[in-house]
Amino acid sequence: MPTAELHGEEVGFSARYSFIRTGSSDIELIQPLDGRSPYTEHLDLHGEGVHHLAYVVGSIDQCLESLRATGEAAPATFEASVAGLTRFVCLDGLAHGPAIELIEMIGEDA
């Protein structure tokens, strides 16, 4: 991720990603390599383990509006896009557990 936003601050980092297909769900393994990211923060605070649960949505903005309409603060702690094709946002503090990641397909193939 050459550019992303973490707690409102622009950051750059790199990581290795791998996916394990498990039928209708995937397990994503993430190894942070360098730079500050939500993954390095999680490792520093909690060690290894589940960082987030991800959901593919039609519109991140509409999801955030819906959450906020119910009274949830829906704090977006991390936001980035990958190759102009996928946008994702991490929300922390919605539940007592892993962060929630919203994924939106953008670009030509959306």
Side-chain angles (χ1 to χ4, degrees):
M1 302 282 157
T3 60
E5 201 171 283
L6 181 64
H7 305 294
E9 180 182 322
E10 193 169 297
V11 296
F13 68 93
S14 64
R16 285 191 182 117
Y17 298 87
S18 183
F19 291 88
I20 301 168
R21 307 262 179 232
T22 62
S24 62
S25 299
D26 294 341
I27 297 172
E28 180 182 25
L29 303 175
I30 304 169
Q31 178 188 16
L33 298 174
D34 62 29
R36 198 169 129 243
S37 71
Y39 318 121
T40 57
E41 286 185 350
H42 180 83
L43 285 169
D44 291 345
L45 289 171
H46 308 289
E48 294 179 353
V50 175
H51 173 262
H52 67 270
L53 300 175
Y55 301 92
V56 176
V57 299
S59 169
I60 288 174
D61 294 329
Q62 286 179 343
C63 286
L64 293 177
E65 281 181 35
S66 295
L67 281 169
R68 291 175 179 142
T70 66
E72 287 286 349
T77 57
F78 180 69
E79 183 167 349
S81 63
V82 177
L85 298 174
T86 306
R87 174 182 174 211
F88 59 98
V89 171
C90 286
L91 307 173
D92 217 350
L94 291 180
H96 301 290
I100 301 298
E101 179 180 57
L102 302 177
I103 302 168
E104 177 182 351
M105 305 310 283
I106 56 176
E108 295 177 17
D109 296 329

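All heavy atoms count here, side chains included; hydrogens, waters and symmetry mates do not.
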For the hydrophobic clusters of this structure (ILVMFWY residues joined by side-chain heavy atoms under 4.5 Å, transitively), does one cluster hold both Leu43 and Leu53?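 Looking at the clustering, Leu53 is in a separate group from Leu43.
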
ILVMFWY network linking Val89 to Val50, side-chain heavy atoms under 4.5 angstrom: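 Cluster IDs for Val89 and Val50 differ.
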
Can you tell me how far the [atom1] atom of [X] sits from the [atom2] atom of [Y], to the nearest 0.5 Å?
X	Y	atom1	atom2	answer
Cys90	Ile103	SG	CD1	9.0 Å
Leu102	Leu67	CG	CG	7.5 Å
Asp44	Tyr39	CG	OH	14.5 Å
Ile100	Cys63	CD1	SG	11.5 Å

Could you tell me if the side chain of Leu6 sits less than 4.5 Å from the side chain of Pro38, heavy atoms only?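 SC-SC contact between Pro38 and Leu6 confirmed.
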
According to the salt bridge (charged side-chain N to carboxylate O under 4.0 Å, His left out) rule, which pairs have a member within residues 69-78, sequence neighbours left out?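 Sorted result for residues 69-78: empty, none.
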
With salt bridge (charged side-chain N to carboxylate O under 4.0 Å, His left out) as the rule and sequence neighbours excluded, what pairs involving residues 17-32 come up?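 Found Arg21-Asp26.
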
Work out which heavy atom in Thr40 is nearest to a heavy atom in Pro32; give both atom names and the distance.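 Shortest heavy-atom separation between Thr40 and Pro32 comes out as CG2-CB, 3.6 Å.
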
Please collect all ring-ring contact (aromatic ring centres under 6.0 Å, His included) contacts where either partner lies in residues 60-85, sequence neighbours excluded, each pair once. Phe13-Phe78, Phe78-Phe88

Going by the rule side chain to side chain contact (heavy atoms under 4.5 Å, CB included), which residues pair with [X] if we only count those two or more places apart in sequence or in a different chain?
X	value
His7	Arg36, Glu41, Thr77
Ser24	none
Leu45	none
Ser14	Leu33, Asp34

When clusters are formed from ILVMFWY side-chain contacts under 4.5 Å, directly or step by step, what else is grouped with Leu29?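 Ile20, Ile27, listed by chain and number.
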
Glu104 side chain to Ile60 main-chain N or O, any donor-acceptor pair under 3.5 Å?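 Yes; at least one donor-acceptor contact below 3.5 Å.
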
Applying side-chain hydrogen bond (donor to acceptor under 3.5 Å, both in side chains) as the test, list every pair that has at least one member in residues 47-62; sequence neighbours left out. His52-Glu101, Asp61-Arg87

